[in-house]
Amino acid sequence: MDKIEKYKTMEKVLREIEDLKNSETAVIKKIGQIETENMNLNIQDLEKSIASIYDGAYKNLENIEGLHTSFTETVSDFKDKNKITDEMLLEFSESN
């Protein structure tokens, strides 16, 4: 795999991490909706379970955000180290 192909693959992985972050955010919002509904129901078992699930989802989101930040730097460093320009990327896209 040449450096441009590797860079394009790294960009794809970065987009997938962003998608994962968005998915985890949606899970947290859904948990909030369940918590809100349970305010009317006041079911203790549901409250405990949802709180535990929320804690896990929030920790996952923090981990995903950390991975996103770290991998963004990795991709940027790779681009700089290999002197990949937008023109090179455009040429690569046009040839594929």
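Because the structure is a prediction, the values reported are computed rather than measured.
Checked by atom type, the side-chain pair Asn63/Glu65 shows no donor-acceptor distance below 3.5 Å.
A distance of 4.5 Å separates CD1 of Ile28 from CG of Leu61, quoted to the nearest 0.5 Å. Going from atom NZ of Lys48 over to atom CG of Asp45 covers 6.0 Å, rounded to the nearest 0.5 Å. In this structure, Leu14 CG and Thr9 OG1 are separated by 12.5 Å, a value rounded to the nearest 0.5 Å. The distance from the CD1 atom of Ile50 to the CG atom of Asn38 is 8.0 Å, given to the nearest 0.5 Å. In this structure, CG in Leu90 is found 9.5 Å from OG1 in Thr85, a value given to the nearest 0.5 Å. The distance from atom OG of Ser76 to atom CE of Met10, rounded to the nearest 0.5 Å, is 9.5 Å.
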Item to check | Worked check of side-chain hydrogen bond (donor to acceptor under 3.5 Å, both in side chains) between Glu62 and Asn60 | outcome: CA-CA 5 Å; Glu62 288 179 327; Asn60 285 341; over 6 Å; no
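Of the residues listed (Lys30, Glu35, Lys29), the one engaging Gln33 in a side chain to side chain donor-acceptor pair (under 3.5 Å) is Lys30, and it is the only one.
Using a 4.0 Å cut-off between charged nitrogen and carboxylate oxygen, Glu11 and Lys8 count as a salt-bridge pair.
If you chain together hydrophobic residues whose side chains sit under 4.5 Å apart, Val13 and Leu20 fall into the same group. Two different hydrophobic clusters hold Ile34 and Met39 under the rule that ILVMFWY side chains link at heavy-atom gaps under 4.5 Å.
Applying the salt bridge (charged side-chain N to carboxylate O under 4.0 Å, His left out) definition to pairs two or more places apart or across chains, those involving residues 69-91 are Lys79-Asp86.
For the pair Tyr58/Glu24, no side-chain contact is recorded, criterion being any heavy-atom separation below 4.5 Å from C-beta on. Between Val27 and Ile31, some side-chain heavy-atom pair lies under the 4.5 Å cut-off. Tyr7 places none of its side-chain heavy atoms less than 4.5 Å from the side chain of Asn82.
Taking each heavy atom of Ile17 and Ile64 in turn, the nearest pair found is O-CG2, 4.0 Å.
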